[in-house]
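As structure tokens, the structure follows; a few thoughts come after it.
Just so you know, residue 1 is the first one in the sequence shown, and it goes up from there.
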Amino acid sequence: MRYRLRLHLQEIDLPGSEVVIGRGPICQVTIEDPMLSRRHCRIDLSGPQPTIEDLRSRNGTQLNGRPLMGRASLKDGDRIRVGTQELVFLTPGVAKKDFRTTSGLTFCVGCAVPYPSASPQCPHCGAVATQQEARSSARHVGSSGWTFHLLSEVVSRAIEQGRLADAERMMSRGVAELDDQLDAGVAVERRYVADLAECAARLGCFLRSSRWLEVGARLYGRAGETPSIELLALLDRLSAEAGLAHAISLLRRAGTENRRVG
């Protein structure tokens, strides 16, 4: 029997009896995610029942939302979280579950994971909406800002670990996505916008970058929030840096107009 993994809208065939997932080039499934270890986890297909185990990775592996401890069996539709990526284990021939859509993002009833409504199917479990479900708007998942909350946590960890290039790359994508959603009128909770503003400003402090300081100031303005005490302390250390005075001033004034998100 041929097994597969679904990552976003791509399905990956699992060859052989053992599949190692990680960011190392020797892995059978290589994912460029800085939160993955070089050899992160292993799927064993040699027995009658597929199993998965974590390979003592730095950030661990989750199976269906719970930390993976030891070896566990895999069945169709199981969700595997490695780093910031979620993969879905697929067994050909098993029927997929239905889901309903909402404004902004789609909420999948089957796997309980929201994703962009522009996607033709759930990137986590592969479900495809019926026309009736596509018209449903029972729950507005977009207002939660869950993706930006996750991004803030990942970027903060990368900054703490000194992986500033990784943090900058993730922030560039995340800020662009946030701006698109806000400009389109999608409701995003103020606290999540403020979290991303804090990450951008902290990144600017560590990189000595006026660009990221100004991005932080702009996002604080959109959230109607002010910088934290911890961030203001970082700004104090930068006050003498040449070329950063204007950006620092913008951050200190950020959020004072108490503008609303959306």
Side-chain angles (χ1 to χ4, degrees), residues 23 31-37 58-59 83-85 104-105 114 116 118 141-262:
R23 61 181 175 85
I31 302 175
E32 294 184 2
D33 186 323
M35 301 303 292
L36 265 69
S37 298
R58 182 176 68 244
N59 294 307
T84 62
Q85 309 298 318
L105 297 179
V141 182
S143 63
S144 68
W146 70 278
T147 52
F148 304 115
H149 174 64
L150 173 62
L151 176 64
S152 298
E153 291 184 344
V154 173
V155 171
S156 293
R157 184 178 300 179
I159 292 174
E160 291 170 359
Q161 295 174 348
R163 296 184 291 106
L164 300 182
D166 293 333
E168 187 169 27
R169 183 173 64 252
M170 290 185 285
M171 279 297 298
S172 294
R173 293 197 299 262
V175 170
E177 174 65 20
L178 176 61
D179 283 337
D180 286 345
Q181 290 200 22
L182 294 178
D183 291 343
V186 176
V188 180
E189 289 188 29
R190 295 170 57 186
R191 56 177 172 158
Y192 296 136
V193 181
D195 285 345
L196 213 56
E198 184 94 358
C199 285
R202 287 186 61 211
L203 185 60
C205 290
F206 282 92
L207 291 175
R208 298 321 197 249
S209 167
S210 60
R211 171 204 172 195
W212 285 112
L213 294 175
E214 291 173 3
V215 169
R218 177 172 59 79
L219 292 180
Y220 272 122
R222 299 199 77 164
E225 300 288 346
T226 56
S228 67
I229 295 175
E230 292 78 12
L231 179 58
L232 292 175
L234 288 176
L235 293 179
D236 287 339
R237 301 175 192 173
L238 292 179
S239 59
E241 293 278 347
L244 299 181
H246 178 66
I248 291 173
S249 177
L250 289 177
L251 259 175
R252 291 189 183 281
R253 300 197 308 268
T256 55
E257 297 178 6
N258 200 31
R259 287 170 288 183
R260 297 277 179 175
V261 173

Q) Ala167 and Ala158: which non-hydrogen atoms are nearest, and at how many Å? A) CB-CB, 4.0 Å
Q: Return the set of residues passing salt bridge (charged side-chain N to carboxylate O under 4.0 Å, His left out) with Arg169 (not counting sequence neighbours), or none when no residue passes.
A: Asp166
**Q.** Closest non-hydrogen atom pair between Cys199 and Val155, with its separation
**A.** CB-CG1, 4.1 Å
Q | Test item: Ser37 and Asn59 side chains (from C-beta on) under 4.5 Å apart, heavy atoms | A | no
Q: Locate the shortest heavy-atom distance separating Thr226 from Ala254; write the atom from each residue and the value.
A: CG2-O, 3.5 Å
Q | Nearest-0.5 Å distance, CZ of residue Arg237 to CD1 of residue Ile248 | A | 12.5 Å
(Q) Nearest 0.5 Å, please: how far is CD1 in Ile229 from CG in Leu234? (A) 12.5 Å
Q. Of the non-hydrogen atoms in Tyr220 and Ala197, which two are nearest, and what is the gap between them?
A. N-CB, 3.6 Å
Q | Atom pair CG (Leu36) and OG1 (Thr84), whose distance is rounded to the nearest 0.5 Å | A | 7.5 Å
(Q) Determine whether a donor-acceptor pair (N or O, by modelled atom type, separation under 3.5 Å) exists between the side chain of Asp33 and the backbone of Gly83. (A) no
Q. For Asp179 and Arg222, which heavy atoms make the closest approach, and how far apart are they?
A. OD1-NH1, 3.6 Å
Q.
Test your reading of the model: is there a side-chain donor-acceptor pair from Arg202 to the backbone of Ser156, 3.5 Å cut-off?
A. no
**Q.** Leu196 side chain reached by Met171 side chain, heavy atoms, under 4.5 Å
**A.** yes
Q.
Working to the nearest 0.5 angstrom, can you tell me the gap between Leu238 CG and Ser210 OG?
A. 11.0 Å
Q. Between Leu250 and Glu214, which heavy-atom pair has the shortest distance, and what is it?
A. CD1-CG, 4.0 Å
**Q.** Leu219 side, atom CG; Leu251 side, atom CG - distance, nearest 0.5 Å
**A.** 10.0 Å
Q. Does any N or O in the side chain of Ser172 come within less than 3.5 Å of the main-chain N or O of Glu168, such that one atom is a donor and the other an acceptor?
A. yes
Q. Distance from Arg157 atom CZ to Arg58 atom CZ, nearest 0.5 Å?
A. 8.5 Å
